[in-house]
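Being a predicted model, the structure only gives us computed values, none of them experimental.
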Amino acid sequence: MGQRPRDAVRFAEEGAKVFAVDKDSKSLSETVGHAASVKTHICDVTDGSAVKRMIEACLDAFGRLDILVNNVGGSAAGGPVEMSEEVWDAQVDYNLKSVFLGCKHALPVMERQGSGVIINIASTSGLRWTGSAQVAYAATKPA
């Protein structure tokens, strides 16, 4: 993920109340460290029920949702011939379905509030060849 996980910390440094989410508690702890204004939550963002619970947990913690940053991404090596259908499906779920589910469950909250912003993070891999065969990643990131 490079520098992107630091975005949550930067939001907190600027005074935002941050609800940081990851599927792995160790990675989440490493990302946010001991930032006082950051609450954490473990979630499989490919599971619609889990994403709905995540949004509800954010509302329970802070009472509102002003910014959703969809910053999920992962790649698997392989081109269309050697990649299995299961790996393709997992990549589509992780890189694309997760964005849909975040929007699906955040938008009604933001509409009720009368405000909110959604930031979807993409990748240059969706725009140009990045030097390795990652066909599923390259297909899902611009989407």
Side-chain angles (χ1 to χ4, degrees), residues 1-110 112-113 116-143:
M1 282 192 181
Q3 299 295 323
R4 298 237 196 269
R6 294 186 191 174
D7 293 347
V9 174
R10 185 66 183 161
F11 272 110
E13 290 171 350
E14 293 295 325
K17 295 176 183 173
V18 175
F19 192 78
V21 178
D22 200 305
K23 67 178 182 174
D24 175 63
S25 61
K26 183 178 179 205
S27 296
L28 186 56
S29 295
E30 290 171 1
T31 297
V32 299
H34 301 287
S37 61
V38 176
K39 302 237 184 250
T40 60
H41 186 82
I42 303 300
C43 181
D44 174 357
V45 293
T46 67
D47 176 338
S49 297
V51 174
K52 182 178 181 188
R53 288 190 303 273
M54 173 190 77
I55 298 295
E56 291 168 351
C58 178
L59 293 173
D60 289 345
F62 296 120
R64 59 185 295 116
L65 174 61
D66 294 306
I67 302 170
L68 170 67
V69 179
N70 279 315
N71 186 28
V72 176
S75 62
V81 174
E82 59 274 0
M83 182 175 283
S84 71
E85 189 173 342
E86 292 77 22
V87 170
W88 171 269
D89 288 344
Q91 287 280 277
V92 169
D93 284 353
Y94 193 60
N95 292 323
L96 187 55
K97 182 180 180 182
S98 63
V99 173
F100 162 74
L101 291 173
C103 293
K104 176 180 182 59
H105 295 290
L107 280 168
V109 171
M110 292 175 175
R112 280 194 305 273
Q113 294 173 169
V117 174
I118 297 176
I119 302 167
N120 296 318
I121 306 294
S123 169
T124 57
S125 292
L127 301 173
R128 62 180 171 77
W129 175 252
T130 55
S132 62
Q134 299 173 337
V135 67
Y137 183 80
T140 57
K141 292 315 284 185

Colleague: With sequence neighbours left out, what residues match L96 under side-chain contact (heavy atoms from CB on, under 4.5 Å)?
Modeller: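 Result, side-chain contact (heavy atoms from CB on, under 4.5 Å) vs L96: V92, T140, A143.
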Colleague: Tell me every residue that passes side-chain hydrogen bond (donor to acceptor under 3.5 Å, both in side chains) with S27, counting only those two or more places apart in sequence or in another chain.
Modeller: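 In terms of side-chain hydrogen bond (donor to acceptor under 3.5 Å, both in side chains), with neighbours along the sequence ignored, S27 is linked to D24.
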Colleague: Which pairs count as ring-ring contact (aromatic ring centres under 6.0 Å, His included) when at least one residue sits in residues 43-63, sequence neighbours excluded?
Modeller: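 Qualifying pairs: none.
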Colleague: With sequence neighbours excluded, tell me which residues meet ring pair (Phe, Tyr, Trp, His ring centres under 6.0 Å) with H105.
Modeller: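 For H105 there are no ring pair (Phe, Tyr, Trp, His ring centres under 6.0 Å) partners, ignoring immediate neighbours.
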Colleague: I need the full list of side-chain hydrogen bond (donor to acceptor under 3.5 Å, both in side chains) pairs touching residues 75-93, with sequence neighbours left out, sorted by first then second residue.
Modeller: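 Residue pairs with at least one partner in residues 75-93: S75-Q134.
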Colleague: When you compare the side chain of V21 with that of I42, does any pair of heavy atoms fall below 4.5 Å?
Modeller: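 In short, these two side chains do not touch, never coming nearer than 4.5 Å.
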Colleague: Just jot down the side-chain contact (heavy atoms from CB on, under 4.5 Å) partners of I118, sequence neighbours excluded, or say none.
Modeller: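 Here the qualifying residues are L68, N70, C103, L107, M110, N120.
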Colleague: Which pairs with one or both residues in residues 54-68 pass salt bridge (charged side-chain N to carboxylate O under 4.0 Å, His left out), sequence neighbours excluded?
Modeller: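 Listed by first then second residue: R64-D66.
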Colleague: Using the side-chain hydrogen bond (donor to acceptor under 3.5 Å, both in side chains) rule, collect all pairs that involve residues 11-21, keeping only residues at least two apart or in two chains.
Modeller: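 side-chain hydrogen bond (donor to acceptor under 3.5 Å, both in side chains) check on residues 11-21 returns R10-E13, R10-E14.
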Colleague: I want to check something: taking the side chain as every heavy atom from C-beta on, are I119 and I67 in contact at a cut-off of under 4.5 Å?
Modeller: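 Result yes, sub-4.5 Å side-chain heavy-atom pair found.
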Colleague: Does the side chain of N95 come within less than 4.5 Å of K141's, by heavy atoms?
Modeller: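 Side chain of K141 against side chain of N95, heavy atoms only: contact under 4.5 Å found.
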Colleague: Not counting sequence neighbours, which residues clear side-chain contact (heavy atoms from CB on, under 4.5 Å) with K23? List them please.
Modeller: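 Counting only residues at least two positions away or on another chain, K23 forms a side-chain contact (heavy atoms from CB on, under 4.5 Å) with Y94.
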Colleague: I'd like to check the ring pair (Phe, Tyr, Trp, His ring centres under 6.0 Å) partners of F19; sequence neighbours left out, ordered by chain and number.
Modeller: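 Counting only residues at least two positions away or on another chain, F19 forms a ring pair (Phe, Tyr, Trp, His ring centres under 6.0 Å) with H41.
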Colleague: So, using side-chain contact (heavy atoms from CB on, under 4.5 Å) as the criterion, who are the partners of A138 when residues are at least two apart?
Modeller: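 A138 satisfies side-chain contact (heavy atoms from CB on, under 4.5 Å) with no other residue.
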Colleague: Excluding sequence neighbours, so at least two apart, what forms side-chain hydrogen bond (donor to acceptor under 3.5 Å, both in side chains) with T46?
Modeller: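 For T46, the residues satisfying side-chain hydrogen bond (donor to acceptor under 3.5 Å, both in side chains) (neighbours in sequence not counted) are D44.
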